[in-house]
Amino acid sequence: MPIKVGIPRALLFYEYYSLWISFFEELGAEVIVSEKTNKEIIDIGVKNTVDEACLPVKVFHGHVMDLKNRVDYIFIPRIISLTEGEYICPKFCGLPEMIKYSIKDIPKFIDTTINFRKSKKNLNRTVMEIGSYITQDKKKIKRAFEIATEKYNNHRMLMETGLLPNDMLKKDFLGEVPQPSKKDKVLLLGHPYNIYDSYMSMEVIDKLRKHGLRVVTCDNLETDVIDEKAKTLNKKMFWSFGRKILGTTLHAIEDDGVCGIIYMACFGCGLDSVIAEIVERKVRRSSDKPFAMLSLDEHTGEAGINTRIEAFVDMIRWREDHEDNLSTYR
Ligand code: SF4
């Protein structure tokens with residue numbers, strides 16, 4: 001019987017699922033991903049998390065509950081840093097402990113520490129430690145990681161052609177790449193776990209697409225381009241997601257194909273409150289692109305989000321019709 005590894009479909013899943021799933025599968029494990037976020041998962045997550053936690057962390061708890069009785073291990077790495085010289089939100093570092101103390105009768109965790117803040121020197125050690133939960137064969141672990149990395153790199157390359165993780169996660173995905181077209185891109189900013197989780201984001205991507213708009217995110221832009229733009233900031237942004245969001249914003253401000261920008265923030269997220277404010281100021285000061293801020297929490301109603309999206313699309317259409325007729329103050 002293969003070892004069953006559960007991967008919660010939450011937080012960094014949307015960024016790294018291709019790497020994680022293929023790594024564990026190459027090692028011979030059976031990978032079980034939790035169900036898509038739904039009302040039950042959110043409710044059970046909210047019930048099992050401390051009130052102070054942000055919505056994505058509560059949702060993560062719900063996904064762990066969904067896996068709890070179906071797997072031998074749950075993959076919950078303790079993530080401190082994913083990139084040299086940068087950090088990610090401290091909540092990721094305390095996640096295994098949070099889960100351990102909030103949820104009873106939980107299976108064992110694969111809770112290896114991932115910390116590339118100083119260098120990626122210990123990448124090999126990190127990979128070996130994670131793989132050792134499944135096998136002691138070091139060659140097999142090394143090979144599994146090489147194959148998984150290749151899949152992950154392909155996945156990143158496909159995103160740079162315009163695809164989003166949700167497109168590739170569809171069972172009937174055949175590898176089609178959207179064709180570049182006119183000025184119809186909306187830049188959707190926010191943490192990947194907010195914007196790509198269809199239930200949490202209230203299907204914002206599909207809703208914008210139904211209005212004939214093409215949705216682009218930080219993941220559709222080459223890392224080098226983001227880094228170059230981020231370097232022009234007055235101060236170094238040491239939060240990885242903050243750097244990506246700000247670098248992408250600066251690029252979008254100059255990209256004529258981008259007709260509007262939406263920031264999907266999470267109520268109670270310290271990082272969002274700082275980054276969203278900087279983004280809004282930069283967009284409003286340096287461009288005439290419509291900008292909308294959408295805030296999510298467990299009480300956000302879909303009707304409110306729909307109204308905001310419709311108003312945002314109306315503004316884009318109005319701008320298209322009156323492009324040459326903007327006031328001095330836009
Ligand atoms: S960055 Fe914000 S939304 Fe993400 S885990 Fe931290 S507090 Fe929550």
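Remember, it's 1-based here, ligands and their atoms both numbered in the order they're listed.
With ring centers used as reference points, Phe75 lies under 6.0 Å from Phe24.
The shortest side-chain heavy-atom distance between Lys39 and Tyr199 falls under the 4.5 Å cut-off. Counting heavy atoms from C-beta outward, Asp197 and Phe13 have side chains that stay 4.5 Å or more apart.
Atoms of ligand 1 lying under 4.0 Å from at least one heavy atom of Tyr193, given by number and element, are 1 (S), 3 (S), 4 (Fe), 5 (S).
Taking the six-membered ring where tryptophan is involved, the planes of Tyr16 and Tyr152 are essentially parallel, since the angle between them stays under 30° and well short of 60°.
Between Asp66 and the options His63, Lys68, Arg70, a side-chain hydrogen bond (donor to acceptor under 3.5 Å, both in side chains) holds for only Arg70.
Remark: the Asp219 side chain and the Tyr14 side chain contain no N/O donor-acceptor pair separated by less than 3.5 Å.
Here the protein contributes Cys269 SG as N, O or S atoms under 2.8 Å from atom 2 (Fe) of ligand 1.
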